[in-house]
Every structure is written in structure tokens, then in C-alpha cells.
**Q** 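Dropping the structure in here first, questions after.
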2 protein chains.
Amino acid sequence: MSNIRRVAELAGVSVATVSRTLKNPEVVAPATRERVQAAVTAANYRPNGMAVQFRSRRTGNLVVLVPLIANSFFARVIAGIQQAAQAAGYRVLLCDTAGDEAREREYAELVYARQADGVIQLRAFDPFAGDPDAPPVVNACEVLAEHTWPKVRLDNRAAARSLTEHLLALGHRRIALIKGPEDSPLTLERLAGYQEALTRAGIPPDPDLLHPGDFTLAAGAAATKTLLALPERPTALFCCSDEMAIGALQSLRGAGLRVPEDLSLAGFDDIAFAAYSDPPLTTIAQPAEAFGQRAVALLLEILSGAAPTTREVVLPFELVVRGSTGVCRGR
Amino acid sequence: MSNIRRVAELAGVSVATVSRTLKNPEVVAPATRERVQAAVTAANYRPNGMAVQFRSRRTGNLVVLVPLIANSFFARVIAGIQQAAQAAGYRVLLCDTAGDEAREREYAELVYARQADGVIQLRAFDPFAGDPDAPPVVNACEVLAEHTWPKVRLDNRAAARSLTEHLLALGHRRIALIKGPEDSPLTLERLAGYQEALTRAGIPPDPDLLHPGDFTLAAGAAATKTLLALPERPTALFCCSDEMAIGALQSLRGAGLRVPEDLSLAGFDDIAFAAYSDPPLTTIAQPAEAFGQRAVALLLEILSGAAPTTREVVLPFELVVRGSTGVCRGR
DNA sequence: TTGAAAGCGCTAACAG
DNA sequence: CTGTTAGCGCTTTCAA
């Protein structure tokens, strides 16, 4: 594979002229330009990306830290990131952190090593904690409220409130909540929204109706079994992810309960499968791809050196009512 | 951020010695080594990755071309790739090709630009077609049979045959097949396995029972509607992906048909949702993560310059029988 | 065991 | 408009 010098020789010009022809063709005389272009073709020349990066001090890479790539929701976020990054000429270095902070730090190191220009963190964790010269980071999806990072988030509290109000409006009074992991900001925000709605409706909180989960199918199924064993069964079940709701559905069937006749069920995320369960799932739709796109936009803004115009983007959610929730007939 | 020169000054040695201390500590005198290490810490020095790559002509990056990141099956393959690459000190540049050949070529270009050392292609397409000095590629999942690339694949034909035989053993004679895209090798192989099983059972092929799809929920639902409208309805439905099978389930419910009493249903892939549908899905389990891991292993082998020991890895499948298939009671 | 020196391939002043 | 020149930060001979 040939280098710029060979092209220069072939075209009978200096390497500087070749470089210019490639980057700023307009400053090169048409005749010269054509000669250089012909030489480029003849030599099958392609600039050495490593040298270009090295020289121009810009990698064109973005590191993305994802809790779990295989998750239906994050997969869509990643698709959005991917698309926006590509459109802007950036590449995406994907790291499935699997909740492992060491691995997360390892990838974050790439920025120190100048292998990437910035980071998109999809989890509420700061791998650069306490570092004075931490690189540019944008925090999306699960957000660290107290941090100064630019954020892209949903109003999870309002969303959870909205869904809970929907269940209340159907006459439900015993509404169970299958949460995310105990310490996750997502969990806390959604729990707050849920409790807010109940309080407004004058319903005292019942800790028995709260159950932690980890957003997976299995967690939803397991939590549901526990909740069904309560002396006074809930009449509605609000799961903090659609996957948990689909898991819940299995346990409900196992217990011989019909949805929504015996018990209403709702999820969160509106993944593709939500519309295909039996019955289709009432849920909160999140604009997953938009999370990715907006995060990239914010990061590129920072990288361009412009004063950051936005510190926080709050994306809209939508309550999607399908067949899994219905009027409370119980007790 | 400091560079190697500053560390050298701080430690009172040459830059060469600093470099050696970092790469080959054993060739440096212990006393010197310690002085250098102290200087590295003091200066908070981290080697400039771009310079290292440039100099050593190795990027440590692998490009992965994925048809669709959001797909439940590919998400698992990617997780496997990610994990194996990380363990070997490689990073993954992920490209969601969305079936767009131009985009695929664009990412493939990264290798020419020395921004990546090799490519893992998860689709049956050669972005380097006709190029004499094409970079190292490993082809996994959907494989281009006629190509010389090392491959990691499933025996799709045997898998489809095995599933079809399962249906035949249950007494089914009219078995419909919802395929993948018409020209995909995956489709052709699975179709061949399906037909082989029918032929062995002495059942003449019926083109009406074949329907193309694109592996999505929506495609499964749509194809099923068409198949149910046939004058003589099939008694079993074999979908080439679990997502299509779950989509099919919706149309079957819509038509008032019970599974498996009125019609047996089977999928392919064994995604997590397959065990949670109603009824749970009979399917072919693929070792998705292993596809990724083996592909990385093959690629690294090539990159290391060793003579390639393996040209093809065929991974095992497993027929998982769940509740969606049952004895044929129809007609 | 260490240092000096020569680049890797490219870009970007600065002259001309 | 084009060429000369000086590196970017690091690795790696080659001598000492």
C-alpha cells in the first residue's frame, strides 16, 4: 500500500500538494489537481488513518458505555447513537459494561489514551470520579442528577405518575410496583412518581406492594409470584420494564389469572414485543433512538469547542394504552 | 497532559529508557525502572495511543458489521464478540449496516485507512469484492458459502430438517414455512432442510406453503394472515425466527386459533422471549455468544500471522421442544 | 544497560 | 499556487 510520498513522486509534486489536493482541493490549480488525482488512483492510495489522527489530534471515535447491549431498549438507543455518529463522520466504540465498573473504567481509559474524543455514558456512574482533567462526557438514559455532565433523560417521575394515574382512573387501589435495582436513579424517580399519584389519590403507601427487579423477563416472573402470594392480592401490576411485564404475564397465566379481567398489567419502554403479547401491553413509550441521537449531538457540540448551549434535554414520553389494563373488578 | 519526553526529563533518563520501562521492564535496571515509574506517576503520564498505534502499525480495533443491532439474536452475538475482543485487548467498532451496502463499505474502509486491523462480517456480503489486497475478514452467522473467508456457522440445513422432522413426527403433513429474505443463504439452507425432511417423508412440496419474511414480528404476523387464508389451511407453521413466530402468534389469536390444539407453531433462535410466549415456543437454540467468540478467535489467529488452522467452525444447535407444538389433530 | 538518532505518514506554517 | 521545513509522540535500531 502506497503512501503520500509515492503519490507525490508519481504526480511530480510535493507531498504538501498531495495533502492539499485531498483536504482543500480548491486551493490547488486545476491542472495540478487532476495530475494528483490521477496519481492517487494509479497508486490506489488511501491516507493512513493512524497518521492522520496522530497529526490532527482527533480520533473521530466516540466511546459508548452500555449497561447491556442485548437489552431491547438499549439496542434502540445504540442504533440512534450509531446513526447520528456516522452522519457526523464519527465512529462508535461500544462497551458492554455488564454493570462492571472496572470494565467501564478500562474503556473510559481510551479517552485518556487519545483513542477516542469523548464518552456517552448510558448508566448512572462516573468512571472519571475525582479526576480533574476528565474528558467530555454526555450522560443519557439513566442520569446522575448531581453531576454536571450534560444529560439526555426522560421525566421518569412524570411518566410513572401518568401510568399510575391511568390505573387509578380505572378504579385500581391496590397497585403493585415491580421496580428496577434498588439504588438506580431510574427506580427512585419512577417510585417517586408512583407514590405521588397514590398520595394525590389519598391512598396510603403499602410497602408490601413494592418489589425490586432487574428489568429482565425472569425478574418479572419471579417478583409476580411473590406478589400473588400476598394475603390481599393487588388488582394492578406496574412493571418498570416491558420485559418484566412479559415475565409477569407468564406467572399470571401460571396462577390462572386473566389479564386484564382479574388483574391489570402495565410495562415501561414500549419495546417491539409489547404490542405482541397477549394481551398487548399498556406501557410508557420512550423515544429510544432519540436518546442516542441527542446524546451524540450534545457531545459533538462540546467537542467542537462551542459553549454548551444545553445542559439537559428532557425527552417526551407517551402513555400507550393497550389491552392489558382495564377497569378494576376485584374485591 | 504530559508526554514521554517530560517523563524522561523528570526521571533523568532518555525517552528510549522510558519507552522500554513501559514495554519491556525486564531489560531495564531495577533502580532506573523505579525512577522512571515514579516519574510516570508524578507526571500522571499515559502513553498517547494514537502515537503508539501509528508507530507500531497496529490499531487494536476490530470492525464488526451487523445487519441489525436491535435484533435479539445479533445482540447476543455482539455481546460474545465484545467479550472475546476485550479479553484479548482489542476494541470493537460496531457498524449497524441496516442492510445498506454503501454504509457497510464505508466502515470496511476503516481497515484500508488503518483504523482497524480486521473485520467480522455477520452478513453474506463481501464489501471488498474484487479487491486484490482485501483485509482479514471472518464471516459469521450468515455465511457466504462460495467465499474463502474463514467461517463460523450453524448447520442451518440440519437444524431446519430436525425441526421439520419433529413436526412430521407429530403427524403434521401440511407444514408452512415463513422464510427469511428470498436471496439470503440462511433462507436457502433452512428451506433445503425443510424440503429434505418433507421429501424423506414422501410429502410433495407445496409452494403455497412457503412465504418470505424478514425476521421481524410484523413480518411474522403478516405472513401468517396470508397463510391462514389458504383454502386448505396448514396444520403447522415453522418460522425462521422466534420474532416472526411471536408475530405469528398474534395473528393466530386474532383468527381464534389455539396453539397447539388447532395449529402447531415453531420458531428459530431461542431468544429469551421464546420461553415466555403463550404457549412457550418450540424452537432451535443457537449458541449466539459462541458465534461471536469463535469469530474473534479466528480473526485474531489470522492477525497474529499464524497459518490459519481452521477454515470453518460449525456450531451445534439444539431442538428445544416447548408447548407450541403438539400432535396433529386437524383434518 | 542506556542514549542518540532516525524515522512512521501526515499536516501546517512559512516562504517563495 | 506550490515547495520546503519542521515536527506530532512514540518505538527501535545501533553504538557506546
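Just so we're on the same page: letters track the sequence lines, and every chain starts at 1.
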**Q** For residues 75-82 of chain B, please give each side-chain donor-acceptor pair under 3.5 Å, one per line with the distance, not counting sequence neighbours.
**A**
residue: B/Arg76; atom: NE; partner: B/Glu289; partner atom: OE1; Å: 3.4
residue: B/Arg76; atom: NE; partner: B/Glu289; partner atom: OE2; Å: 3.0
residue: B/Arg76; atom: NH2; partner: B/Glu289; partner atom: OE1; Å: 3.0
residue: B/Gln82; atom: NE2; partner: A/Leu94; partner atom: O; Å: 3.0
residue: B/Gln82; atom: NE2; partner: A/Tyr107; partner atom: OH; Å: 3.3
residue: B/Gln82; atom: NE2; partner: B/Gln86; partner atom: OE1; Å: 3.2

**Q** Does anything in residues 117-127 of chain A pair up under side chain to side chain donor-acceptor pair (under 3.5 Å), and if so which pairs, sequence neighbours excluded?
**A**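 Output for this query lists A/Thr59-A/Asp117, A/Glu104-A/Gln121, A/Glu104-A/Arg123, A/Asp126-A/His147.
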**Q** Could I get the full list of side chain to side chain contact (heavy atoms under 4.5 Å, CB included) partners for A/Val138, not counting sequence neighbours?
**A** A/Pro150, A/Val152, A/Ala295, A/Leu298, A/Leu299, A/Ile302
**Q** Taking A/Val13 as the fixed residue, which of A/Val15, A/Thr17, A/Leu10 is the one that meets the side-chain contact (heavy atoms from CB on, under 4.5 Å) rule?
**A** A/Thr17
**Q** Can you list everything that forms a side chain to side chain donor-acceptor pair (under 3.5 Å) with B/Thr187? Sequence neighbours excluded, please.
**A** none
**Q** Can you name the residues that form a side chain to side chain contact (heavy atoms under 4.5 Å, CB included) with A/Ala297, not counting sequence neighbours?
**A** none
**Q** Whole angstroms only, please: what is the CD-C1' distance between A/Gln53 and D/dC8?
**A**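 Whole-Å distance recorded here is 13 Å.
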**Q** Which nucleotide span of DNA chain C, 5' end to 3' end, has atoms closer than 4.0 Å to non-hydrogen atoms of chain B?
**A**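 Footprint of chain B along DNA chain C, 5' to 3': C/dT1 to C/dG9.
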**Q** With a 4.0 Å heavy-atom cut-off, tell me which residues in residues 25-41 of chain B come close to DNA chain C, sorted by residue number.
**A** B/Val28, B/Ala29, B/Thr32
**Q** Test of understanding: with side chain to side chain contact (heavy atoms under 4.5 Å, CB included), list the residues that count as partners of B/Ser72, not counting sequence neighbours.
**A** A/Phe273, B/Glu243, B/Ile271
**Q** Among residues at least two apart in sequence or on other chains, which ones pass salt bridge (charged side-chain N to carboxylate O under 4.0 Å, His left out) with B/Arg91?
**A** none
**Q** Under the side chain to side chain donor-acceptor pair (under 3.5 Å) rule, collect the residues that match up with A/Ser56, sequence neighbours excluded.
**A** none
**Q** Give each protein N/O atom lying under 3.5 Å from an N/O atom of nucleotides 9-13 of chain D, with the pair distance.
**A**
residue: D/dG9; atom: OP1; partner: A/Arg57; partner atom: NH2; Å: 3.1
residue: D/dC10; atom: OP1; partner: B/Tyr45; partner atom: OH; Å: 2.5
residue: D/dC10; atom: OP1; partner: B/Asn48; partner atom: N; Å: 3.0
residue: D/dC10; atom: OP2; partner: B/Ile4; partner atom: N; Å: 2.4
residue: D/dT11; atom: OP1; partner: B/Lys23; partner atom: NZ; Å: 2.4
residue: D/dT11; atom: OP2; partner: B/Ser19; partner atom: OG; Å: 2.7
residue: D/dT11; atom: O2; partner: B/Arg55; partner atom: NH1; Å: 2.6

**Q** Quick one: list whatever passes side chain to side chain contact (heavy atoms under 4.5 Å, CB included) with A/Asp183, sequence neighbours left out.
**A**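 Checked A/Asp183 against side chain to side chain contact (heavy atoms under 4.5 Å, CB included); matches are A/Pro181.
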